[in-house]
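These notes concern the structure reproduced below.
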Amino acid sequence: MKLATWNVNSIRARAEHVARWLEAEAPDLLLLQEIKCEAAAFPAERFAGLGYRAEVVGQKSYNGVAILSRPPVVVRARALPGLAEGAEQARYLEVAADRLVVGNLYAPNGNSGGEAGFAYKLAWLEALAARAAALLAEDVPFVLAGDYNICPAEADLAAGALGPEDALVRPESRSAFRRLLWLGLTDAVRALHPGGRVFTFWDYQARAFERDLGLRIDHALLSPAAAEALRAARPDREERAREQPSDHVPVVVELAL
DNA sequence: ATGCCGGGTCCTACCCGA
């Protein structure tokens with residue numbers, strides 16, 4: 001099982017990049033975030049021509065997640081259970097692909113909207129932890145992958161790339177990430193690259209990529225059974241050097257399932 | 001200290017991203 005997660009910063013702006021990448025990498029599943037459109041505007045036909053089905057949880061202008069798959073999948077959830085009514089945004093899609101459960105997530109950034117915006121980020125991450133606990137209780141192998149909008153540790157950002165008050169590095173955000181690890185989940189990329197700079201995002205501004213002022217914020221967390229099957233995990237850094245790229249690159253995970 | 005890019009939309013100045 002080869003799966004990948006990629007915040008594409010608008011699927012309509014990035015459809016040809018995604019199509020080319022699917023042909024080159026041939027993943028079984030591709031988890032997309034920030035598609036920035038409703039389901040009706042998602043270019044599903046472009047990917048159907050390559051043999052990929054699309055499940056889409058869309059929203060106008062902001063957010064939006066989708067899963068492209070070669071094998072058929074069964075949708076298990078189109079939102080994260082447990083969030084307050086009226087707080088729904090298109091940020092979660094969970095499917096079953098054979099016996100593996102895959103949750104595709106786009107966590108709130110938390111830097112806009114003042115303290116209320118940050119509180120929403122923490123509430124969302126709390127609901128994600130509850131979902132992880134429920135999946136562990138279900139005793140199915142699973143992957144929760146996507147844009148967590150958290151640099152888990154100091155090694156996960158270039159020096160000076162963000163201030164200490166940034167929502168991506170605030171202690172409360174990091175604590176929410178550690179809580180997922182303490183439940184028993186494995187950070188796939190960090191498990192296989194314990195010391196390396198394995199950034200997944202570089203800002204468009206100030207020549208951040210050329211200066212390698214990156215962040216590691218896109219993660220794949222694995223259940224214990226999935227972690228036993230982990231064979232490879234890496235960001236595809238080369239994508240960031242292309243013309244009109246997303247500011248995030250794909251993160252690829254291979255499991256011997 | 002500010003804006004630096006780049007996507008979106010009420011089409012055009014502004015919101016959001018991280």
Side-chain angles (χ1 to χ4, degrees), chain A residues 5-19 31-43 46 56-66 87-92 104-122 124-125 128 145-177 189 197-219 235 237 239-251:
Chain A
T5 174
W6 195 1
N7 179 324
V8 290
N9 186 19
S10 169
I11 190 59
R12 288 174 290 175
R14 229 67 66 192
E16 291 311 309
H17 279 325
V18 171
L31 284 48
L32 301 170
Q33 302 91 37
E34 275 208 276
I35 63 171
K36 290 187 170 179
C37 65
E38 294 176 319
F42 186 90
R46 182 69 182 88
V56 180
V57 174
Q59 178 183 332
K60 195 168 187 173
S61 304
Y62 302 116
N63 312 315
V65 291
E88 302 90 353
Q89 297 178 0
R91 294 182 179 275
Y92 189 76
N104 176 18
L105 64 106
Y106 176 48
N109 174 300
N111 277 312
S112 65
E115 281 306 304
F118 188 62
Y120 178 67
K121 175 177 194 166
L122 296 182
W124 198 94
L125 291 167
L128 180 65
D147 180 356
Y148 280 74
N149 269 318
I150 301 170
C151 299
E154 285 305 290
D156 296 315
L157 72 161
L162 297 173
E165 298 302 317
D166 195 285
L168 279 64
V169 298
R170 275 176 66 166
E172 301 96 319
S173 302
R174 288 178 164 171
S175 177
F177 191 84
V189 169
R197 281 158 75 97
V198 273
F199 298 146
T200 67
F201 167 93
W202 294 262
D203 200 286
Y204 288 120
Q205 303 182 69
R207 297 172 46 82
F209 183 61
E210 291 79 356
R211 300 158 65 201
D212 200 24
L213 292 180
L215 312 175
R216 192 174 77 95
I217 53 177
D218 301 275
H219 310 295
R237 183 186 176 101
E239 273 310 300
R240 187 63 178 80
R242 294 187 178 273
E243 292 294 313
Q244 296 186 293
S246 171
D247 39 6
H248 299 247
V249 296
V251 175

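Naming: A, B, ... by sequence-line order, numbering from 1 per chain.
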Could you tell me whether [X] contacts a base, only the sugar-phosphate backbone, or nothing, with contacts defined as non-hydrogen atoms closer than 4.0 Å?
{"X": "A:Ile217", "value": "sugar-phosphate"}
{"X": "A:Tyr106", "value": "sugar-phosphate"}
{"X": "A:Asn7", "value": "sugar-phosphate"}
{"X": "A:Asn149", "value": "sugar-phosphate"}

Partners of [X] by ring pair (Phe, Tyr, Trp, His ring centres under 6.0 Å), sequence neighbours excluded?
{"X": "A:Phe177", "result": "A:Tyr148, A:His219"}
{"X": "A:Phe209", "result": "A:Trp202"}
{"X": "A:Phe201", "result": "A:His248"}
{"X": "A:Tyr62", "result": "none"}

*Please lay out, stage by stage, how A:Arg91 and A:Glu34 fare under the test salt bridge (charged side-chain N to carboxylate O under 4.0 Å, His left out).*
CA-CA 8 Å; A:Arg91 294 182 179 275; A:Glu34 275 208 276; over 6 Å; no
*Can you find a side chain N or O atom of A:His248 that sits less than 4.0 Å from OP1 or OP2 on B:dG17?*
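Checking B:dG17 against A:His248, no side-chain N or O comes under 4.0 Å of OP1 or OP2.
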Quantified in whole Å, what is the [atom1] atom distance between nucleotide [N] and nucleotide [M]?
{"N": "B:dA18", "M": "B:dC5", "atom1": "C1'", "result": "12 Å"}
{"N": "B:dC16", "M": "B:dC10", "atom1": "P", "result": "14 Å"}
{"N": "B:dC14", "M": "B:dG3", "atom1": "P", "result": "13 Å"}

*Among residues 164-174 of chain A, which contact DNA chain B at a heavy-atom distance under 4.0 Å?*
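Contacting residues: A:Leu168.
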*A:Ala39: what forms a side-chain contact (heavy atoms from CB on, under 4.5 Å) with it, not counting sequence neighbours?*
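Applying side-chain contact (heavy atoms from CB on, under 4.5 Å) to A:Ala39 gives A:Val56.
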_Partner set under side-chain contact (heavy atoms from CB on, under 4.5 Å) for A:Ala90, not counting sequence neighbours_ =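 Partners of A:Ala90 by the side-chain contact (heavy atoms from CB on, under 4.5 Å) criterion, ordered by chain and then number, come out as A:Val57, A:Gln59.
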_Residue pairs fulfilling salt bridge (charged side-chain N to carboxylate O under 4.0 Å, His left out) with at least one residue in residues 208-218 of chain A, sequence neighbours excluded_ =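 Qualifying pairs, neighbours excluded: A:Asp156-A:Arg216, A:Asp187-A:Arg216, A:Arg197-A:Asp212, A:Asp212-A:Arg237.
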*Spell out protein contact along nucleotides 7-16 of chain B as letters: B when the base is contacted, S when just the sugar-phosphate is, - when no protein heavy atom is under 4.0 Å; keep the 5' to 3' order.*
BSSS----BS
